[in-house]
Asker: 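Quick one: the structure is below, and I'll ask about it shortly.
A note on names: the letters A, B, ... follow the listed sequences, proteins ahead of strands, and every chain is numbered from 1. The model shown is predicted, which means the values in this text are computed figures rather than measured ones.
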Amino acid sequence: MNTNGKWGVKMAKQLLLIDGNSIMFRAFFAMHNQLERFTNQDGLHTAAIYGFKLMLDHVLAEYHPDAALVAFDAGKVTFRTQLFDDYKGSRDKTPSELTEQIPYVRRLVQDSGIQSYELSNYEADDIIGTLAQEADQAGYETTIITGDRDLTQLVTPQTTVAVTKKGVTQTKDYTPEYMQEKLGVTPVQYIDVKALMGDSSDNYPGVTKIGEKTAVSLIQEYGSLDGLYEHVQDMKPSKRKENLINEEKIARECQTLATIKRDAPVEVQLTDLTYQGPDQEALAELYRELNFQSFLSQMGVEAPVPTVKPVQYVELTADNLSLLDQFKTSLVFHLEMLEANYHLAQPVGFVLGRPDCWLVSRDINLLQKPEIKQLLANDGIKKDVFNAKAQLVALHRLGVSLHHVAFDLLLASYLLDTNENSDDLGLLAQVHDYHDVQPDEVVYGKGAKQAVPEDNEVFYTHLANKARAIYELRQPLFDQLKANEQLSLYTDIELPLSAVLAQMEIDGVMVKTSTLTQMQSQLTERLSELEQAIYQAAGEEFNINSTKQLGVILFEKLKLPVIKKTKTGYSTAVSVLEKLRDQAPVVDLILQYRQIAKIQSTYVTGLLKVIHPDDHKIHTRYLQTLTQTGRLSSVDPNLQNIPVRVEEGRRIRQAFVPSEAGWEIFSSDYSQVELRVLAHVSGDQNMQADFINGEDIHAATARRIFHLLPDEEVTPNMRRQAKAVNFGIVYGISDYGLAQNINVSPKQAKTFIESYFAEFPGVHDYTKSIVETARQQGYVETITHRRRYLPDIHAKNFNLRSFAERTAMNTPIQGSAADIIKIAMIRMGPALAAHHLQARMLLQIHDELVFEAPKEELATLRQVVTEVMDSAVKLSVPLKVESKVGPTWYDLKKIED
DNA sequence: GTGATCACG
DNA sequence: ACGTACGTGATCACC
């Protein structure tokens, strides 16, 4: 169809060669973390088929091929395995979730009107290599689609290799020019590079100590492997030379393994490969079997209407409130709000009931009826909900209490898998394989068009469906929590915590508008001074807030050295500017400007915007089901990142004051809680001893890793470095990261780490074993069995895998610390009540709890809070709590014993 | 909507 | 050889 171009110029025929196995693997693993979402009605996994289909659509549209072929591997045994026993020997067995999809991928290919081919004893690569060669000679333009960079050796002026970059549809095209630019070698030379460096995934070794960089430079220098070995004797004596000589046989063997055949006994002819489009009928049938609704509707085949099971409901009115009498032991309740911020949201309707009777209404005022109020407040009747905290807060605004929440679908789902935390009930239900409720977007629309349906039928059905989903998912989720040993985490920690957090949010924290407005005008003045000074120094006016414009001024106009680049241009981050400080006075001004601008926009103006006009307080929302570690987060506004480290910012805290006269702000924080958790979970004897002896842990660490004698002093610099190492350990250490942080060479950092692990062998063992645990079970756990899945622990990509490994080390530590403070928070209320204290817990900042309290309570409060926090859990090292008090959050002074 | 930056633990 | 510290949220510029 496109043999003739726009102007009648004869264009080359387009040939598409697809590396079937490679793309299938790629598609499968690209969606591996949503494996269970891609299954059809029979439980067949479909991610690889789905991905393959996406890829096919994409390349057919992109290349309009005249001919196409998908090559598959024939089996495990090939001429390469006969040559070399271990070839591909390190590969894990293909998961059954993938193998079951292979026949369907073949059907997909066939029904799409594309030839497929396999050849015993040969790999798909060799079929492709052979056909690409033939095609070059026959004057085709060929594109090879693969996920395997090895195939780039097939690149010629007529043959392009498109290697998947992200997912299966985003590819990078390798041409001879691109290879020269990117790798510095020709496609044919690339084979020899591989021969020298080996390939860990195909499990052939290459020459010892030679990686990609070295291999490339050797081949560049000598032209080829043959060239190298002709001149190997002329090389300067070195370990590398020895290795090259000793391992010549291996290198030659690897060269053979790496070389893709261009002369395999392929029996198909190019002329057999003509692409004439798909067999629509057969494809439709396949999609039906696979339940690929979106592809069906793309084809114009009517997708069967998503069959949400019909639901019965009754509209609740002032006249039929007696219907409520039937709920004696339990009910589902849901108050519907369209806005995320439930402090402000206008509720639009509600549903309550049981499977045999769902009662719905748009009339929020009905909730004021004593019949409903008493039902919801009745401690003897269990309530099942979605997002208990949101319900508690919103109902509180209506003057309604909600007691005895037993099941929170959102919370349970989050505990089972931190990623399954959508605040859209419909979407969340889908993840749990429940499909009889629509996502909110479908019913309400999105953006400006979002609205409650006028049609009662539509709206009420949605409400009833939601309630039913909560009901239906209750038992299965409880069963899973039980199987995961997470029932106690759910029942004893997270569910009670939701009520504690609701109360903190409702109470809010008093913020003085006058303090902030005063700061605002001061900072405005300061900013305009700095602005003028910067324009003067730069010789022109520009937007200082634009990193792009700033980059041009600093690095082009003023010609300052470029220290770091970002994806989009020059980096102007603080770490960079600090290095340039001495080279141009404007840099310092910019740093000052940045600091002030941040304080002004985020904290002064930002906080002023969210002070509630009625009570002059700020009511944040804690997100209880968001973080991957079990920490809380805080939004609208974030009260967990109010400045403290730098004086100018710290003054913001002057605006945070007690809400009642004669009260003060009181704060207690855990000292080094994460390191104490590490000492506990790792069982390291030395670290435990340091904590048990009440040492300054960073100084004690410095003593050990710098091998100080008892009479030698720890210098501030030693302590600083030891502290950085401690942080590094908690974060899942790497020499590079540590080096960056304390500005030493990676080599120096590495010796610090080695020295640390020698002194704290238990910690070393822990880092090893937790990563192994993650590999074996696919997740890691905190002390309360909070769970985080780490699918990337198996990634082939170094970055992804390394990240997962560091996460495996960090999550049990950060997460257990989060568990501990949550337990303390739950016990705090009853403890305060037992001492008849009026004090209120207002904020949680990860390891710190902030209260307001009458002055005369402070002494008792300190005892109670310390006791509750200290004893939250029993670890093999003591927990330590430090307290401060003052008239504002800014003025807190440490309370000494 | 995304990326860069910077505030916190 | 590879290229990073762990966990968050708000603001701004820019597409």
Asker: Under 4.0 Å, counting only non-hydrogen atoms across every strand here, what does A:Arg788 touch: a base, just sugar-phosphate, or nothing?
Answerer: sugar-phosphate

Asker: Scan side-chain atoms only and decide if A:Asp417 and A:Asn419 contain a donor-acceptor pair under the 3.5 Å cut-off.
Answerer: yes

Asker: Checking all strands, does A:Ile599 fall into the base, sugar-phosphate, or nothing category for heavy-atom contacts under 4.0 angstrom?
Answerer: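 If one applies the 4.0 Å heavy-atom cut-off, A:Ile599 turns out to touch nothing in the nucleic acid.
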
Asker: Would you tabulate the side-chain donor-acceptor contacts of residues 544-555 of chain A under 3.5 Å, counting partners in other chains and residues two or more places apart, or write 'none'?
Answerer:
from     : atom 1 : to       : atom 2 : distance (Å)
A:Ser546 : OG     : A:Lys548 : N      : 3.4
A:Ser546 : OG     : A:Gln549 : N      : 3.1
A:Gln549 : OE1    : A:Asn543 : N      : 2.8

Asker: Expressed in whole Å, how much space separates the C1' atoms belonging to B:dC8 and C:dG3?
Answerer: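 So the two C1' atoms sit 26 Å from each other.
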
Asker: With rounding to the closest Å, how many angstrom separate the P atoms on B:dT5 and C:dT4?
Answerer: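 The answer is 15 Å between these two P atoms.
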
Asker: Would you say A:Thr524 and A:Gln600 are linked by a side-chain donor-acceptor pair, where the criterion is simply a distance under 3.5 Å?
Answerer: yes

Asker: Check whether the side chain of A:Arg645 and the base of B:dG9 form a donor-acceptor pair under 3.5 Å.
Answerer: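 Under the 3.5 Å cut-off, the side chain and the base do form a donor-acceptor pair.
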
Asker: Students often get this wrong, so: under 4.0 angstrom with heavy atoms, is A:Leu738 touching a base, only sugar-phosphate, or nothing?
Answerer: base

Asker: So, is A:Arg801 near the phosphate of C:dT4, with a side-chain N or O under 4.0 Å from OP1 or OP2?
Answerer: no

Asker: In residues 665-681 of chain A, what residues come within less than 4.0 Å of DNA chain B, judged by heavy atoms?
Answerer: none

Asker: Between the side-chain atoms of A:Arg631 and the base atoms of C:dT8, is any donor-acceptor pair under 3.5 Å?
Answerer: no

Asker: Classify the side chain of A:Gln814 and the base of C:dC6 as holding, or not holding, a donor-acceptor pair under 3.5 Å.
Answerer: yes

Asker: In this structure, are over 12 heavy atoms from other groups packed under 6.0 Å from A:Lys557 atom NZ?
Answerer: yes

Asker: When all nucleic acid strands are considered with a 4.0 Å heavy-atom cut-off, which category describes A:Gln628: base, sugar-phosphate, or nothing?
Answerer: sugar-phosphate

Asker: Who passes ring pair (Phe, Tyr, Trp, His ring centres under 6.0 Å) against A:Tyr222, sequence neighbours left out?
Answerer: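 In terms of ring pair (Phe, Tyr, Trp, His ring centres under 6.0 Å), with neighbours along the sequence ignored, A:Tyr222 is linked to no residue.
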
Asker: Got a sec, which residues hit ring pair (Phe, Tyr, Trp, His ring centres under 6.0 Å) with A:Phe656, two or more places apart in sequence or on another chain?
Answerer: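 If we apply the ring pair (Phe, Tyr, Trp, His ring centres under 6.0 Å) test to A:Phe656, skipping adjacent residues, the hits are A:Trp889.
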
Asker: One character per nucleotide, please: for nucleotides 9-15 of chain C, 5' to 3', B when the base has a protein heavy atom closer than 4.0 Å, S when only the sugar-phosphate does, - otherwise.
Answerer: BBSSSSS

Asker: May I ask you to check whether A:Glu494 and A:Tyr414 show a side-chain donor-acceptor distance below 3.5 Å?
Answerer: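 No - no donor-acceptor pair under 3.5 Å links their side chains.
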
Asker: Would you jot down, in residue-number order, the residues of residues 565-577 of chain A having a non-hydrogen atom under 4.0 Å from DNA chain B?
Answerer: A:Thr566, A:Lys567, A:Thr568, A:Ser571, A:Thr572, A:Ala573, A:Val574

Asker: Would you tell me if any nitrogen or oxygen in the side chain of A:Arg806 comes within less than 4.0 Å of OP1 or OP2 on C:dC6?
Answerer: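 Yes.
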
Asker: Could you go through residues 569-577 of chain A and list every donor-acceptor pair under 3.5 Å that involves a side-chain atom there, pairing it with any protein atom two or more places apart or in another chain?
Answerer:
from     : atom 1 : to       : atom 2 : distance (Å)
A:Tyr570 : OH     : A:Glu556 : OE2    : 2.7
A:Ser571 : OG     : A:Ala573 : N      : 3.3
A:Thr572 : OG1    : A:Arg594 : NH2    : 2.7

Asker: Partners of A:Thr620 by side-chain hydrogen bond (donor to acceptor under 3.5 Å, both in side chains), sequence neighbours excluded?
Answerer: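 So A:Thr620 forms a side-chain hydrogen bond (donor to acceptor under 3.5 Å, both in side chains) with A:Ser634.
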
Asker: A:Phe803 side chain: which of C:dG3, C:dG7, C:dA5 is closest?
Answerer: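 Of all the options, the side chain of A:Phe803 is nearest to C:dG7.
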
Asker: Contact class for A:Thr811 vs. all strands (heavy atom < 4.0 Å): base, sugar-phosphate, or nothing?
Answerer: nothing

Asker: With sequence neighbours excluded, tell me which residues meet side-chain contact (heavy atoms from CB on, under 4.5 Å) with A:Glu441.
Answerer: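 Only A:Lys446 meet the side-chain contact (heavy atoms from CB on, under 4.5 Å) criterion with A:Glu441.
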
Asker: Indicate, with a heavy-atom threshold strictly under 4.0 Å, whether A:Ala724 touches base, sugar-phosphate, or nothing.
Answerer: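 Base: the residue A:Ala724, judged by heavy atoms under 4.0 Å, touches a nucleobase.
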
Asker: Any side-chain donor paired with an acceptor under 3.5 Å for A:Gln628 and A:Tyr789?
Answerer: no

Asker: So that I can compare with my own list, what are the stems of DNA chain C, taken as at least three consecutive Watson-Crick or G-U pairs with distances under 3.5 Å?
Answerer: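 Ordered by first number, the stems with DNA chain C (at least 3 consecutive pairs each) read B:1-9 with C:6-14.
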
Asker: Could you give all pairs that pass the side-chain hydrogen bond (donor to acceptor under 3.5 Å, both in side chains) test and reach residues 719-733 of chain A, with sequence neighbours left out?
Answerer: A:Asp696-A:Arg719, A:His698-A:Asn726, A:Thr701-A:Asn726, A:Asn717-A:Arg720

Asker: Going by the rule side-chain contact (heavy atoms from CB on, under 4.5 Å), which residues pair with A:Ala195 if we only count those two or more places apart in sequence or in a different chain?
Answerer: A:Leu225, A:Cys254, A:Gln255

Asker: Just checking, any donor-acceptor pair under 3.5 angstrom between side chains of A:Gln654 and A:Thr515?
Answerer: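 Short answer, no.
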
